[in-house]
Amino acid sequence: MNIDLKGLKIAIIGGNSPCKQILEILLGPGLKELELQVLLIADTLTQVEGIKYAQEKGVSVTMDYGQICKLSGIDVILKLKNDEILSCILEKVNTEHVSIIDLDTHKAKAFLNFLQAEEERLRIKRKIQSDKTDRLEIVKLFDQFTSTIKENAEEENRH
């Protein structure tokens with residue numbers, strides 16, 4: 001999975017696992033320079049961990065899936081929930097301008113791995129660009145990053 005996250009405006013359907021993990025990365029300091037925005041989380045269940053976390057972080061939440069379709073300027077919808085009503089609602093989305101990424105359990109894990117790798121890539125990039133990093137440190141950082149990528153690949157292969 002490879003998505004350019006720079007400047008994306010994202011909505012998420014489904015506040016259950018792994019919504020909170022995804023939000024922790026998207027809203028955390030590791031991807032801050034990408035200036036992405038999580039605009040809305042939609043779920044009919046209000047007490048799930050992703051909804052609670054979103055509320056703590058000041059992200060708008062709704063129980064009405066239709067609110068996702070009314071968002072302007074949205075780039076991506078991450079669909080973490082399988083609900084029969086969603087197909088009817090998401091038919092209204094203009095897919096020429098909005099990507100809908102359907103993340104079942106296995107794809108959600110791959111997406112999390114992608115986010116973690118992107119976060120690590122940016123952390124290493126910042127360190128390399130620092131005047132204080134020498135060549136040996138760069139080699140060490142490269143080894144750490146490739147190790148992370150290998151671990152992510154092995155995790156995905158297990159599923």
Side-chain angles (χ1 to χ4, degrees), residues 1-43 45 47-62 68 71-82 90 93 95-159:
M1 182 167 293
N2 192 14
I3 302 166
D4 182 6
L5 298 170
K6 179 101 176 121
L8 282 185
K9 293 180 181 171
I10 301 168
I12 300 175
I13 297 175
N16 239 341
S17 183
C19 181
K20 181 181 178 191
Q21 293 169 287
I22 290 171
L23 285 173
E24 286 172 335
I25 296 172
L26 292 177
L27 301 175
L31 300 180
K32 188 175 183 173
E33 67 208 57
L34 296 179
E35 300 175 343
L36 59 88
Q37 297 175 41
V38 179
L39 301 177
L40 183 66
I41 312 294
D43 201 318
L45 305 172
Q47 295 304 310
V48 291
E49 65 181 359
I51 294 291
K52 289 179 182 180
Y53 185 78
Q55 289 172 325
E56 289 171 17
K57 294 296 181 180
V59 176
S60 296
V61 299
T62 183
I68 297 276
L71 288 174
S72 62
I74 189 169
D75 300 305
V76 175
I77 297 172
L78 301 178
K79 183 177 166 274
L80 301 173
K81 186 169 193 144
N82 288 322
L90 292 177
V93 174
T95 53
E96 288 183 28
H97 301 290
V98 180
S99 297
I100 300 173
I101 302 174
D102 195 347
L103 298 173
D104 63 19
T105 304
H106 301 297
K107 289 179 185 172
K109 182 61 181 165
F111 186 70
L112 268 171
N113 285 342
F114 162 73
L115 290 177
Q116 290 165 342
E118 186 66 8
E119 189 176 42
E120 182 72 1
R121 182 187 74 79
L122 290 171
R123 182 187 72 79
I124 290 170
K125 185 177 175 181
R126 283 189 295 270
K127 245 187 153 156
I128 289 171
Q129 290 173 336
S130 165
D131 293 337
K132 300 173 185 172
T133 306
D134 65 14
R135 294 179 81 76
L136 291 175
E137 179 69 13
I138 291 172
V139 170
K140 182 179 172 184
L141 290 169
F142 178 77
D143 287 343
Q144 287 174 349
F145 184 69
T146 54
S147 178
T148 300
I149 297 300
K150 277 177 50 179
E151 289 172 19
N152 286 348
E154 288 170 4
E155 176 81 21
E156 286 183 41
N157 286 337
R158 280 194 290 272
H159 291 285

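Between Glu118 and Arg121 there is a salt bridge, with a side-chain nitrogen of the basic residue lying less than 4.0 Å from a carboxylate oxygen of the acidic one. Of the charged side-chain nitrogens involved, at least one lies within less than 4.0 Å of a carboxylate oxygen, so that Lys81 and Asp43 count as a salt-bridged pair.
Considering CD of Gln21 and CG of Leu115, their distance stands at 10.5 Å, rounded to 0.5 Å. From Lys79, atom NZ reaches atom CD1 of Ile101 across 12.5 Å, with rounding to the nearest 0.5 Å. To the nearest 0.5 angstrom, Lys20 atom NZ is 12.5 Å from Ile25 atom CD1. Of the inter-residue distances, the one linking Ile10 atom CD1 with Ile77 atom CD1 reads 11.5 Å to the nearest 0.5 angstrom. For the atom pair CG (Asp75) and NZ (Lys9), the distance works out to 7.0 Å, reported to the nearest 0.5 Å. Note: Gln47 CD to Glu49 CD = 12.5 Å, rounded to the nearest 0.5 Å.
For the pair Ile12 and Leu23, the minimum side-chain heavy-atom distance is below 4.5 Å. Between Leu71 and Val98 the shortest side-chain heavy-atom distance does not fall below 4.5 Å. Between Arg123 and Leu141, some side-chain heavy-atom pair lies under the 4.5 Å cut-off. Counting heavy atoms from C-beta on, the side chains of Asn82 and Asp102 come closer than 4.5 Å. No side-chain heavy atom of Leu80 sits less than 4.5 Å from a side-chain heavy atom of Asn16. In this structure, Lys140 and Leu136 have side chains that are not in contact, with every pair of non-hydrogen atoms separated by 4.5 Å or more.
The heavy-atom pair separating Phe111 from Ile3 by the smallest distance is CE1-CD1, 3.7 Å. Annotation for Cys19 and Gly50: closest pair SG-CA, 3.9 Å, computed over non-hydrogen atoms. When every heavy atom of Leu122 is checked against every heavy atom of Gly30, the shortest pair comes out as CD1-O, 3.7 Å. A pairwise comparison of heavy atoms in Ile41 and Ala54 identifies CG1-CB, 3.7 Å as the closest pair. Annotation for Val61 and Gln55: closest pair CG2-NE2, 3.4 Å, computed over non-hydrogen atoms. Taking each heavy atom of Leu78 and Leu26 in turn, the nearest pair found is CD1-CD1, 4.5 Å.
Sparse packing is recorded around NZ of Lys150, with 12 or fewer heavy atoms of other residues, nucleotides or ligands lying under 6.0 Å away.
Remark: the backbone N or O of Phe142 is paired with a side-chain donor or acceptor of Thr146 at under 3.5 angstrom.
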